[in-house]
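So the structure is just underneath, and the comments pick up after that.
These numbers come from the heavy atoms of this one structure, side chains and all, not from hydrogens, waters or symmetry mates. Counting convention: from 1, in listed order, for ligands and their atoms alike.
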Amino acid sequence: MKILVSKCLLGYNCRYKGDNCINSKVLELAKENEIIGICPEVEGGLPTPRDPSERVADRVFSKAGRDVTKEYQKGAEIALKMAQENNVDLVIFKAKSPSCGCGIIYDGTFSGNKIPGNGVTTELLLKNGFRVITEENL
Ligand code: SF4
């Protein structure tokens, strides 16, 4: 299978804190499948490290109050292009991220509360027919 994967799950230090969330199950899958890594937030032009952000309805704001919706949308478009050009069979994204989360995300108050919803990139990929799961579903 061809699988599009959140780069932080592969060990790239692209999280907002400058660290990663390497996942052994994802690495195991990488042995027998073709893995294409992406970090939509970095692709969208955001630096690492960066201020954490959360979705508020259709927009995304950093904790400091900066509207980063454009960067998130740009990253999502790039991810969609990669998924389409590579004709990926599956997407494995990082749970709860405002870009990559699937099914559950933080509620926009930076208080740790979670609500039903998808990250900006996940939403676009789902709309275009891609199957998205998170590392928590592996
Ligand atoms: Fe990981 Fe996605 Fe956040 Fe990048 S945008 S650090 S790939 S969860």
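- The backbone N or O of Ile22 sits less than 3.5 Å from a side-chain atom of Asn20, completing a donor-acceptor pair.
- Atom numbering of ligand 1 starts at 1 in the shown order; those under 4.0 Å from a heavy atom of Ile38 are 7 (S).
- Geometric assessment of Lys7 against the ring of Tyr12 yields a positive cation-pi assignment under the 6.0 Å and 45° thresholds.
- Ion pairing of Lys25 with Glu135 is absent here, as no side-chain N (NZ or NE/NH1/NH2) approaches a carboxylate O to less than 4.0 Å.
- Between the Asn86 side chain and the Ala83 main chain, no donor and acceptor come within less than 3.5 Å of each other.
- Of the charged side-chain nitrogens involved, at least one lies within less than 4.0 Å of a carboxylate oxygen, so that Glu136 and Lys96 count as a salt-bridged pair.
- With hydrogens and angles ignored, the 3.5 Å screen pairs no side-chain donor or acceptor of Ser99 with any backbone N or O of Thr121.
- Salt bridge Arg50/Glu71: absent, no basic N to carboxylate O contact under 4.0 Å.
- Residue contact annotation: Arg50 has a non-hydrogen atom under 4.0 Å from ligand 1.
- For atom 1 (Fe) of ligand 1, the nearby protein N/O/S atoms, meaning those under 2.8 Å, are Cys8 SG.
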